[in-house]
A.B. asks: 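What follows is a single structure, and I will ask about it in a moment.
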Protein chains: 2
Amino acid sequence: MDQRLPRKPTISDVARWAGISTATVSRALATPEKVTACTRAIVLEAVRKIGYVPNLAARNLRTNKTRTILAVLPDFSNVFFSRILRGISDTLVARGYSLIIADTRNDPAREAQYAEFILAGRVDGILLLNGRSILTRRQGRAAVPTVSLCERIPNARFPHIETENRESARMMTAYLVSLGHKNIGYVRGPITNVLEHERFAGYKDALLHSRLQYNPALITSGDFTLESGEAAAEAYLSKPKLPDAIFACNDEMAMGLIRGLSAAGVTVPCDVSIAGFDDIEFAEAYNPPITTVRQARRQIGERAAELLLQLIDGDLPAEREIKLAAELVIRKSTVSARTS
Amino acid sequence: MDQRLPRKPTISDVARWAGISTATVSRALATPEKVTACTRAIVLEAVRKIGYVPNLAARNLRTNKTRTILAVLPDFSNVFFSRILRGISDTLVARGYSLIIADTRNDPAREAQYAEFILAGRVDGILLLNGRSILTRRQGRAAVPTVSLCERIPNARFPHIETENRESARMMTAYLVSLGHKNIGYVRGPITNVLEHERFAGYKDALLHSRLQYNPALITSGDFTLESGEAAAEAYLSKPKLPDAIFACNDEMAMGLIRGLSAAGVTVPCDVSIAGFDDIEFAEAYNPPITTVRQARRQIGERAAELLLQLIDGDLPAEREIKLAAELVIRKSTVSARTS
DNA sequence: TTGAAAGCGCTAACAG
DNA sequence: CTGTTAGCGCTTTCAA
């Protein structure tokens with residue numbers, strides 16, 4: 001019945017309706033304080049009446065901004081990132097920005113695709129959660145504001161946010177000691193990984209501080225996957241004696257450890273206490289629930305987004321590197337040593 | 001040392017360099033077939049030399065398109081969605097589109113925010129994974145191409161993609177029967193939920209087909225959370241006799257079931273077999289690994305994205321509703337009935 | 001096949 | 001405080 005072609009109202013429709021200039025409408029909307037309360041009211045009324053919504057493409061072209069941020073992840077099916085992304089997303093959306101997520105899988109082809117995207121001026125800023133830059137040195141000249149988080153990027157000078165990995169690992173190990181455990185194992189992540197490096201250091205800090213002997217026989221290695229945790233379990237089982245407790249560099253490996261041990265009839269935590277790191281979604285859901293280190297993930301995302309927005313607004317941030325404290329979460333996978 | 005201010009090269013820089021008009025450059029890039037091989041080569045050379053990358057905002061303004069799609073999720077920290085998103089993302093990126101993810105948490109305020117976003121012309125299409133529309137009826141007049149997936153939207157006529165829920169649930173139940181189980185329990189999802197409805201129907205189909213009596217005493221209810229699965233375990237434990245097997249409407253509840261049962265000394269699968277639905281990331285990681293129904297999640301995402309792109313291109317899709325088959329994944333949480 | 005020119009919708013000088 | 005005006009970078013008639 002309504003045959004008018006529904007062309008979208010533009011700013012000049014609003015101006016016409018309100019009997020003023022487009023410039024004033026634009027100001028009333030973007031910088032209300034530069035306009036009398038009266039005009040503002042009229043404009044708002046007109047906007048509502050006509051159903052006007054600004055065309056972002058036009059605004060972007062004009063202002064040479066996009067109000068869009070790109071977050072680069074190595075793997076967004078990794079549950080670890082979801083809460084961080086929420087922090088990012090909420091902060092950004094509250095400030096009128098939108099977020100595009102690049103799931104690169106560390107695949108150079110995909111990275112190049114997104115690099116192109118950045119160069120095309122489609123984003124105002126970049127959040128790097130993947131531990132490396134995706135722009136080549138030459139492309140980097142374009143200098144899009146960038147913040148890295150979680151995993152530090154070697155040889156890069158981006159502002160950076162991460163958890164206090166070393167200190168947290170120390171705390172967890174100290175907690176295991178406080179439970180009365182003497183022989184505390186550790187499952188390493190990939191030895192080239194920055195996080196593994198920090199956490200392993202924290203583990204050793206705690207041993208030193210407790211005057212416990214660092215014993216290489218208690219150390220195994222994995223690659224952050226559950227399977228590698230299971231392999232580590234096998235490795236421990238093949239040794240003459242099981243540790244009292246084992247601290248895995250991340251939760252997936254802790255889960256693998258539990259599963260591998262259970263399969264061999266060793267029960268957790270009765271026979272051996274297990275702890276992880278990250279508090280991923282399923283750490284609590286696991287059977288048994290896993291004692292772990294909870295990173296302030298949401299907060300990491302929020303802070304990183306805020307920092308990036310500051311950068312975009314041209315304010316240089318006070319600190320270029322922020323370390324956020326984490327929290328121990330004690331669950332059933334750890335228990336006091338038998339006082340036999 | 002390089003003091004030239006790095007203004008981004010525009011199409012007219014390319015034109016000047018190549019000694020031709022901007023129109024021809026534009027054509028050489030967008031519709032190469034409308035230009036001689038020779039000019040094309042020159043243009044490409046110029047583009048490379050100058051490092052030209054088209055400004056998308058300008059293109060969008062001119063063409064009134066954005067090459068951006070919005071995916072609306074109720075909760076993107078829900079691992080179930082990650083693989084679907086991958087299918088979507090890969091398909092879209094391959095076609096030169098980018099993806100924005102709206103994490104609404106079913107919060108009307110957030111939904112409104114994104115509705116505004118859509119209306120502002122920032123997206124060419126919408127993918128609804130949240131089981132409801134986020135545009136009001138009136139806003140809907142704007143008619144942005146839309147496809148729904150996973151959860152059907154009541155009273156909406158969007159093209160839709162989902163898993164054959166009913167048939168899959170029937171298969172799983174039949175499998176449990178084939179294992180020799182007679183008393184097969186079922187943990188329901190929220191009774192108003194479409195998925196629960198279908199799966200419950202499939203469960204009953206299988207019983208009927210196997211001439212097993214449908215027994216209300218074997219049915220409990222939950223809300224898809226792990227905690228509700230634990231509560232269901234309690235409910236079963238308080239009954240005079242445990243079922244031989246229990247089929248939960250999703251994996252989280254299956255996990256809760258296992259944990260609740262284990263805590264009471266009932267071992268899975270020895271004492272009772274447990275099956276779930278979805279094959280979320282951690283179904284395999286669980287202790288024990290969970291027998292479940294694996295939806296073709298990546299494919300669901302791909303098909304939905306393709307369908308949406310068709311819609312955007314103005315091709316009406318052949319089918320408005322696609323049901324994809326799922327697959328049974330047998331793991332250690334189910335085992336044959338003791339042939340005592 | 002190519003070029004000239006208009007204009008997408010908006011914002012930001014600048015002038016009043 | 002408000003209006004006039006130019007133009008962001010691109011695509012797309014229209015004419016040559």
Side-chain angles (χ1 to χ4, degrees), chain A residues 5-44 46-47 50-68 96 117 119-124 142, chain B residues 5-44 46-47 50-68 96 117 119-124 142:
Chain A
L5 80 163
R7 188 182 58 79
K8 257 199 173 171
T10 72
I11 201 169
S12 45
D13 294 323
V14 178
R16 202 170 311 120
W17 197 96
I20 53 178
S21 75
T22 61
T24 304
V25 175
S26 175
R27 280 188 287 254
L29 264 22
T31 49
E33 70 280 8
K34 293 193 164 180
V35 135
T36 56
C38 176
T39 8
R40 204 180 328 163
I42 296 178
V43 168
L44 259 30
V47 163
I50 302 193
Y52 166 75
V53 183
N55 177 320
L56 277 312
R59 172 181 296 169
N60 291 348
L61 174 58
R62 185 53 232 243
T63 59
N64 199 25
K65 294 209 168 329
T66 64
R67 300 221 130 216
T68 299
F117 190 81
L119 265 12
R122 286 195 80 151
V123 302
D124 293 344
Chain B
L5 81 163
R7 191 182 57 80
K8 259 199 169 171
T10 73
I11 200 171
S12 45
D13 295 322
V14 178
R16 202 169 312 120
W17 197 96
I20 55 180
S21 76
T22 61
T24 304
V25 174
S26 175
R27 280 188 286 253
L29 263 21
T31 50
E33 70 279 10
K34 292 192 165 181
V35 133
T36 55
C38 177
T39 11
R40 201 178 332 162
I42 295 177
V43 169
L44 260 30
V47 164
I50 303 192
Y52 166 75
V53 183
N55 177 321
L56 277 313
R59 172 180 296 170
N60 292 347
L61 174 59
R62 186 52 232 241
T63 59
N64 201 25
K65 294 209 169 327
T66 64
R67 299 222 133 216
T68 299
F117 191 81
L119 266 11
R122 285 196 80 150
V123 301
D124 293 345

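Please read all numbers here as calculations on a predicted model, not as lab measurements. Letters A, B, ... mirror the listed sequences (proteins, then strands); counts begin at 1.
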A.B. asks: Does C:dT2 have OP1 or OP2 sitting under 4.0 Å from an N or O in the side chain of B:Ser21?
C.D. replies: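 For B:Ser21, the contact criterion (side-chain N or O under 4.0 Å from OP1 or OP2 of C:dT2) is not met.
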A.B. asks: Starting at atom CG of B:Leu29, determine the distance to atom P of D:dG9, rounded to an integer number of angstrom.
C.D. replies: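 So the two atoms are 16 Å apart, to the nearest Å.
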A.B. asks: Could you tell me the separation between the CG atom of B:Leu61 and the C1' atom of C:dT11, rounded to a whole number of Å?
C.D. replies: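 In whole Å, C:dT11 C1' lies 12 Å from B:Leu61 CG.
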A.B. asks: Side chain of A:Thr10, heavy atoms from C-beta onward: which of C:dA4, D:dT2, C:dG9 has the nearest atom to it?
C.D. replies: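 Between C:dA4, D:dT2, C:dG9, the one nearest the side chain of A:Thr10 would be C:dG9.
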A.B. asks: Figure out the CZ/C1' separation between B:Arg122 and C:dC10, and round it to whole Å.
C.D. replies: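 About 14 Å, once rounded to whole Å.
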A.B. asks: Are B:Thr63 and D:dC10 close enough that a side-chain N or O sits under 4.0 Å from OP1 or OP2?
C.D. replies: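 No.
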A.B. asks: For the pair made of CG in B:Asp13 and C1' in D:dC10, what is the distance, rounded to whole Å?
C.D. replies: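 From B:Asp13 CG to D:dC10 C1': 13 Å.
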A.B. asks: Which nucleotide, D:dC10, D:dG3, C:dT2, lies nearest any side-chain atom of B:Ile11?
C.D. replies: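 For B:Ile11, the side-chain atoms sit closest to D:dC10.
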A.B. asks: Of all the nucleotides listed (D:dT2, C:dG7, C:dG9), which has the minimum atom distance to the side chain of A:Thr39?
C.D. replies: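 Selected nucleotide (nearest to the side chain): D:dT2.
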A.B. asks: Would you mind reading off the distance between A:Ile42 atom CD1 and D:dT2 atom C1', rounded to a whole angstrom?
C.D. replies: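 Computing the A:Ile42:CD1 to D:dT2:C1' distance gives 13 Å.
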A.B. asks: Should the side chain of A:Arg27 and the base of D:dG3 be counted as holding a donor-acceptor pair, with the cut-off at 3.5 Å?
C.D. replies: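 Present.
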A.B. asks: What is the distance from NZ of B:Lys34 to P of C:dT2, rounded to the nearest Å?
C.D. replies: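 In whole Å, C:dT2 P lies 13 Å from B:Lys34 NZ.
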A.B. asks: Looking at every strand, decide which applies to B:Asn55 at a 4.0 Å heavy-atom threshold: base, sugar-phosphate, or nothing.
C.D. replies: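 Sugar-phosphate, no base atom in range.
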A.B. asks: Just by distance, with hydrogens left out, do B:Asn60 and B:Thr66 show a side-chain donor and acceptor under 3.5 Å apart?
C.D. replies: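 Note: B:Asn60 and B:Thr66 side chains miss the donor-acceptor criterion.
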A.B. asks: To the side chain of A:Thr22, which of D:dC10, D:dT5, D:dG3 is closest?
C.D. replies: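 Given the options D:dC10, D:dT5, D:dG3, the side chain of A:Thr22 is closest to D:dT5.
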A.B. asks: Donor-acceptor check, side chain of A:Thr63 to backbone of A:Arg59, threshold 3.5 angstrom: yes or no?
C.D. replies: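 Here the side-chain-to-backbone pair exists.
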A.B. asks: With DNA chain C as reference, determine whether B:Ala23 or A:Val53 sits nearer its 5' end, using the nearest nucleotide of each.
C.D. replies: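 It is B:Ala23, whose closest nucleotide lies nearer the 5' terminus.
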A.B. asks: Does the side chain of A:Ser26 get closer than 4.0 angstrom to OP1 or OP2 of C:dT11 through an N or O atom?
C.D. replies: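 For C:dT11, OP1 or OP2 has a side-chain N or O of A:Ser26 closer than 4.0 Å.
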A.B. asks: Does D:dC10 have its OP1 or OP2 closer than 4.0 Å to a side-chain nitrogen or oxygen of B:Ser12?
C.D. replies: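 For D:dC10, neither OP1 nor OP2 has a side-chain N or O of B:Ser12 closer than 4.0 Å.
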A.B. asks: Any sub-3.5 Å donor-acceptor pair from B:Thr10's side-chain atoms to B:Ser12's backbone N or O?
C.D. replies: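 Yes.
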A.B. asks: Before you tell me yes or no, could you show the steps for A:Arg122 and B:Thr68 under side-chain hydrogen bond (donor to acceptor under 3.5 Å, both in side chains), namely the whole-Å CA-CA distance, both residues' side-chain angles and the distance that decides it to 0.1 Å?
C.D. replies: CA-CA 11 Å; A:Arg122 286 195 80 151; B:Thr68 299; 2.9 Å; yes
A.B. asks: Counting side-chain heavy atoms from C-beta on, which of C:dG3, D:dG3, C:dA12 comes nearest to A:Ile20?
C.D. replies: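 My answer, after comparing the listed nucleotides, is D:dG3.
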A.B. asks: Under 4.5 Å between any side-chain heavy atoms of A:Arg67 and A:Val123, yes or no?
C.D. replies: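 A side-chain contact under 4.5 Å is absent here.
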A.B. asks: Specify the separation, in whole Å, of atom CG of A:Asn64 and atom P of D:dG9.
C.D. replies: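 Rounding to the nearest Å, CG of A:Asn64 and P of D:dG9 are 7 Å apart.
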A.B. asks: Rounding to a whole Å, what distance do you find between A:Arg62:CZ and D:dG9:P?
C.D. replies: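 In whole Å, D:dG9 P and A:Arg62 CZ are 10 Å from each other.
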